[in-house]
Amino acid sequence: MANLTPKQVLDMAKEKKASYVDLKFMDFVGIWQHFSIPLYELTEDVFEAGLGFDGSSIRGWQAIHASDMLVVPDPSTAVIDPFMAEPTLSIICNVTDPITKEPYSRDPRNIAMKAEKYLKGTGIGDAAFFGPEPEFFIFDEVRYDAGVNHAFYKIDSVEGQWNTGREEPGGNLGYKPRYKEGYFPVGPTDSQQDIRTEMCRVMESVGIHVERQHHEVATAGQAEIDIRFDSLVNAADKLQWFKYIIKNVARRHGKTVTFMPKPLYGDNGSGMHVHQSIWKGGKPLFAGEGYAGLSDLAMWYIGGILKHGPALAALCCPGTNSYKRLVPGFEAPINLAYSARNRSASIRIPMYSPSPKAKRIEFRSPDPSCNGYLAFSAMLMAGLDGIENKINPGQPLDKDIYGMSPEELKDIPKMPGSLDGALEALRADHKFLLKGDVFTEDVIETWIQYKYDKEVNPVRMRPSPLEFALYFDI
């Protein structure tokens, strides 16, 4: 992902013998969309003028009477797509209005670009770095359906602990990770080492620096691949490549991947801890002489995250399923507190390296179902609000949370327990997001309404299989 000019992109395409160009952009909710054009349709002018598409067909975007939108390719994102049979150049695009030529306010990538611009405008720093750690499940099969008179889901994995008694072709060989014990035995219990390595190699082919990969805590193929931190927009771009690559590598092995936070009952869910720091003039601003080697600025940043944590949940933990992960007992970071060691605190300060350049904070509450552009931007805006207002984060939570009494826990703020709770927190607390016109009232209102209409209310209105078990014979 080099900083290429339009001419260099076209030269690269010819050198790689690409015949098509795939134009990718982010929808409002968090899924990549795309369309493809022959290479001869991509001229240097397109990088300025853009190409049209129907914005009314994208979730949460334009009405039918104002549907025309433009995608404008960002030449710095051009790479060869690693999956398409025909050599294809892949470019991430920004979305603009065809009449005003202004960046579209509901384009998540545009929001992220505005967040970076706002940071520089404050004079606090000139770069915000984000390092997401997305966890995910690799399953062998998934089936689900919901109708007027039925609802079910069924997932399966050769690694599933529930399959220790199953008859399998060639015989059941055991070696299935026990519940909560998937972190992280060697093979043959870990059966997916080679698939994860292949995922890493494909990531490297598009310019993503991989740091490590391993099995995660849950049974049935829970995994984590860590990638090198990058600036806000670049980190969000790479998160999209991350999801795209992992799903497609799994598919060519006859497997499927989900970033759903809590697909299994009774075992650990998937989070996405997000490491973050601010730099200025090539120097880290989070290193200092305070708690865990942090600066005052870093502590104020933490204060902003903690203060706005419930509102951040609406963007960082954006689905009803997210709150089946954010419950006590599964290492879930539900406590709005900070600590150098306590992993049940929503913010941890990693202590692996004494280097000032490694000093950062880790926000542990987000999950990988989020839209990275929106989530990273919101975290940055909350942290900057903390710095601007010198918000004191209070005392660290260094005790064993599971050994604390209810009396000790009662005064520690918590993350919301439901999506509607998070949405109401966002409705009440979003002025910090509006600074610099990074988010707009329209974006906030559309997000809240979409989530209620498409997720909260449909889930709320439907009976579940467990409700039949609980109430059918009453």
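Start at 1 with the first residue, then count along the sequence.
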Is a side-chain donor or acceptor of [X] paired with a backbone partner of [Y] at a separation under 3.5 angstrom?
| X | Y | result |
| --- | --- | --- |
| K243 | P368 | yes |
| N321 | K262 | yes |
| E135 | G271 | yes |
| N268 | K180 | no |
| K414 | I412 | yes |
| T256 | F139 | no |
| Q161 | A220 | no |
| S191 | P188 | no |
| K16 | P87 | no |
| T219 | E159 | yes |

Could you tell me if the ring centre of F439 sits under 6.0 Å from that of W447?
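Here the rings of W447 and F439 have centres that are no less than 6.0 Å from each other.
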How about H275 and F229: are their ring centres within less than 6.0 Å of each other?
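No; F229 has its ring centre 6.0 Å or more from that of H275.
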State whether R201 and E198 are salt-bridged, where the test is any N-O pair (Lys NZ or Arg NE/NH1/NH2 against Asp/Glu carboxylate O) under 4.0 Å.
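Looking at R201 and E198, the cut-off is not met.
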Cationic N near anionic O, under 4.0 Å, R59 to E455
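Judged by the 4.0 Å cut-off on N to carboxylate O distance, R59 and E455 do not form a salt bridge.
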Do [X] and [Y] have side-chain atoms, one donor and one acceptor, less than 3.5 Å apart?
| X | Y | value |
| --- | --- | --- |
| D54 | S57 | yes |
| R166 | N172 | no |
| D442 | T440 | no |
| S90 | K24 | yes |
| E441 | H430 | yes |
| D156 | N163 | yes |
| Q192 | H215 | no |
| D237 | Y373 | yes |

Are there over 12 heavy-atom neighbours, none belonging to [X], within less than 6.0 Å of that residue's [atom1]?
| X | atom1 | result |
| --- | --- | --- |
| K307 | NZ | no |
| F152 | CZ | yes |
| E167 | CD | no |
| R212 | CZ | no |
| D194 | CG | no |

Under a 4.5 Å cut-off applied to non-hydrogen side-chain atoms, are [X] and [Y] in contact?
| X | Y | result |
| --- | --- | --- |
| R460 | D420 | yes |
| Y153 | V142 | no |
| S270 | R325 | no |
| I208 | R228 | no |
| F28 | N371 | no |
| L264 | F137 | yes |
| I225 | C200 | yes |
| Y104 | N110 | no |

Which distance, rounded to the nearest 0.5 Å, do you find between the [atom1] of [X] and the [atom2] of [Y]?
| X | Y | atom1 | atom2 | result |
| --- | --- | --- | --- | --- |
| Q222 | S157 | CD | OG | 11.5 Å |
| D230 | K238 | CG | NZ | 4.0 Å |
| D453 | I448 | CG | CD1 | 11.5 Å |
| Y118 | K435 | OH | NZ | 4.5 Å |
| I91 | D81 | CD1 | CG | 11.5 Å |
| E362 | H273 | CD | NE2 | 5.5 Å |

Hey, which of R251, R196, M199 is the one that makes side-chain contact (heavy atoms from CB on, under 4.5 Å) with I246?
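When R251, R196, M199 are each tested with I246, the side-chain contact (heavy atoms from CB on, under 4.5 Å) holds only for M199.
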Steps toward side chain to side chain contact (heavy atoms under 4.5 Å, CB included) verdict (L433, L315)
CA-CA 11 Å; L433 296 173; L315 296 163; 4.2 Å; yes
The test is side chain to side chain donor-acceptor pair (under 3.5 Å); show your working for D22 and T88 and say whether it passes.
CA-CA 7 Å; D22 197 54; T88 300; over 6 Å; no
Please determine whether side chain to side chain contact (heavy atoms under 4.5 Å, CB included) holds for the pair I305 and Q276, giving the CA-CA distance in whole Å, both sets of side-chain angles, and the decisive distance to 0.1 Å.
CA-CA 11 Å; I305 296 284; Q276 48 205 283; 4.2 Å; yes
In terms of relative ring orientation, are [X] and [Y] parallel, tilted or perpendicular, with 30° and 60° separating the classes?
| X | Y | value |
| --- | --- | --- |
| F136 | F259 | tilted |
| W32 | Y244 | perpendicular |
| F53 | F35 | tilted |

Distance-only donor-acceptor pairs under 3.5 Å for side chains of residues 461-474, two or more places apart:
from: R462; atom 1: NH1; to: P458; atom 2: O; distance (Å): 3.1
from: S464; atom 1: OG; to: E467; atom 2: N; distance (Å): 3.3
from: E467; atom 1: OE1; to: S464; atom 2: N; distance (Å): 2.7

